[in-house]
Amino acid sequence: MPPRTAVFFHAHPDDEALLTAGTMAMLAAEGHRVVLVVATAGERGLADVRPGEALGETRMKELYQSAAVLGCARVECLGYGDSGLSPQGGVADERPDDAFIDADTEKAATALAEILREEQAELLTIYDPAGGYGHPDHVQVHRVGKRAAEIAGTPIVLEATVNRDPLLRLLRLAGKVYRFPPEFDVRTFESAYSAGETITHRVNVRRYARQKRAAMAAHASQATGGDSDRTLAVMLKVPGPLYRLVFGTEWYVRRDLPPGTRVRHPFDPGPK
Ligand SMILES: [Zn+2]
């Protein structure tokens with residue numbers, strides 16, 4: 001396979017580690033060019049910062065570390081404000097003027113499309129329309145990313161997601177013998193991410209578990225702080241034995257393939 005370019009579009013530093021790190025490491029190992037773009041520096045995440053340093057600065061440093069481990073050739077931040085999350089989930093009332101959620105879709109998409117064109121990207125990853133577990137910035141990644149691919153004519157668009165079926169099955173089973181911490185609510189997973197029947201790509205990334213763990217570890221400020229509804233914090237509440245299930249496979253939905261398509265590589269064109 002000749003080298004191709006894949007752009008991974010994420011909302012905040014750390015999202016790449018959870019959802020697409022294994023795929024990124026795999027493509028880089030295969031000789032492809034892997035580019036990481038975040039919409040925001042994640043400055044409204046957990047505030048576990050070194051003295052005298054702004055959180056956005058810390059999180060961008062963590063992102064560069066993670067990107068280096070995964071073999072990324074380029075890292076860009078679109079520079080929008082982290083919209084944050086209200087305590088009930090959903091859009092926070094207090095948010096910065098330049099919050100990503102308030103961004104003009106066309107303008108943000110044009111900025112991303114410019115990178116896609118420069119890179120002659122053949123593949124772009126975004127999120128499912130629900131934005132995974134529903135963080136407003138993640139929903140916006142879906143909208144902006146979809147439009148950017150249209151503008152740039154990027155042929156392959158994959159929605160990074162999680163197969164919620166086995167996750168829910170195991171969580172319910174585990175709930176019978178294991179007392180989840182009170183802040184862990186299995187029901188939040190019932191409408192999050194994607195049902196297995198809609199998933200077209202199941203990428204086995206067990207061989208890249210070391211890089212994926214290292215990418216997650218790079219985001220120390222988000223893994224060690226207090227309460228948060230961030231993806232990393234939400235996922236860290238998943239009990240240990242379920243980790244392998246969540247992290248050994250990465251899942252994507254490619255909407256222009258016929259329903260029921262099952263492929264294993266991001267560049268697999270699917271049934272003819
Ligand atoms: Zn995020």
Side-chain angles (χ1 to χ4, degrees), residues 6-12 14-20 23 36-40 42 78 80 82-86 88-92 95 99-113 115-116 121 123-168 185 187-203 229-232 234-235 246 249-263 266 270:
V7 174
F8 289 78
F9 183 38
H10 286 285
H12 315 104
D14 86 2
D15 291 323
E16 86 293 351
L18 280 152
L19 282 168
T20 64
T23 308
L36 173 58
V37 180
V38 289
T40 81
L78 296 187
Y80 285 98
D82 182 349
S83 309
L85 197 63
S86 84
Q88 295 77 36
V91 182
R95 53 186 193 271
F100 186 46
I101 186 68
D102 299 319
D104 179 68
T105 304
E106 199 63 23
K107 203 174 150 203
T110 303
L112 177 59
I115 298 171
L116 293 171
L123 184 153
L124 173 69
T125 73
I126 59 174
Y127 300 143
D128 56 68
Y133 64 96
H135 190 296
D137 282 338
H138 289 225
V139 178
Q140 184 76 322
V141 159
H142 174 81
R143 281 196 292 260
V144 168
K146 198 175 159 199
R147 180 67 189 130
E150 281 169 16
I151 297 171
T154 309
I156 303 173
V157 178
L158 300 183
E159 297 174 5
T161 189
V162 172
N163 183 353
R164 70 174 175 232
D165 299 345
L167 186 62
L168 271 172
D185 186 353
R187 283 171 303 177
T188 57
F189 288 88
E190 282 169 6
S191 56
Y193 299 101
S194 302
E197 62 191 23
T198 67
I199 290 171
T200 53
H201 289 58
R202 288 162 171 79
V203 182
D229 288 316
R230 294 277 160 172
T231 311
L232 189 62
V234 168
M235 285 302 181
V246 181
T249 305
E250 288 173 351
W251 297 274
Y252 300 90
V253 179
R254 184 172 167 183
R255 303 266 166 201
D256 58 340
L257 293 183
T261 298
R262 295 275 186 277
V263 295

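By the 4.5 Å heavy-atom criterion applied to side chains, K146 and V157 are not counted as neighbours. Side-chain contact between P136 and L85: present, with at least one pair of heavy atoms (C-beta onward) separated by less than 4.5 Å.
Ring geometry for H138 versus Y127: interplanar angle under 30°, hence parallel rather than tilted (30 to 60°).
Every residue two or more places apart in sequence or in another chain that forms a side-chain contact (heavy atoms from CB on, under 4.5 Å) with R262 is listed here: R202. Under the rule for a side-chain hydrogen bond (donor to acceptor under 3.5 Å, both in side chains), the partners of R147 that lie at least two apart in sequence or sit in another chain are E106, E150. In this structure, the ring-ring contact (aromatic ring centres under 6.0 Å, His included) partners of Y80, at least two apart in sequence or on a different chain, are F100. When the ring-ring contact (aromatic ring centres under 6.0 Å, His included) test is applied to H201, no partner is found at least two apart in sequence or on another chain. By the ring-ring contact (aromatic ring centres under 6.0 Å, His included) test, F8 is found to be paired with no residue, residues two or more places apart in sequence or in another chain being considered.
A distance of 8.0 Å separates OG1 of T200 from CZ of R254, quoted to the nearest 0.5 Å. How far OG1 of T40 is from CD1 of I101: 12.0 Å, rounded to the nearest 0.5 Å. With rounding to the nearest 0.5 angstrom, the CG atom of L112 is 6.0 Å from the CG atom of L124. Taken to the nearest 0.5 Å, the CG atom of L116 stands 4.0 Å off from the OG1 atom of T154. Note that CD1 of I156 is 8.5 Å distant from CG of D256, once rounded to the nearest 0.5 Å. Rounded to the nearest 0.5 Å, atoms OG1 (T249) and CG (N163) are 9.0 Å apart.
The two residues A130 and V139 have their closest heavy-atom pair at O-CG2, 3.6 Å. Contact detail for A148 and A109: the closest heavy-atom pair is CB-O, 3.4 Å. The nearest pair of heavy atoms linking P129 to R255 is CD-NH2, 3.3 Å. Taking both residues in full, the closest heavy atoms of A92 and S83 are given as CB-O, 4.0 Å, listed atom of the first, atom of the second, then distance. Considering every non-hydrogen atom in both A11 and V38, the closest pair reads O-CB, 4.3 Å. Across all non-hydrogen atoms, the minimal contact from V263 to G270 is CG1-CA, 4.0 Å.
Screening W251, Y252, Y193 against D128 for a side chain to side chain contact (heavy atoms under 4.5 Å, CB included) leaves a single residue, Y193. No option in D15, D137, T20 other than T20 meets the side-chain hydrogen bond (donor to acceptor under 3.5 Å, both in side chains) test with H10.
Evaluation of the salt bridge (charged side-chain N to carboxylate O under 4.0 Å, His left out) test over residues 189-201, restricted to residues two or more places apart or in two chains, returns R172-E190.
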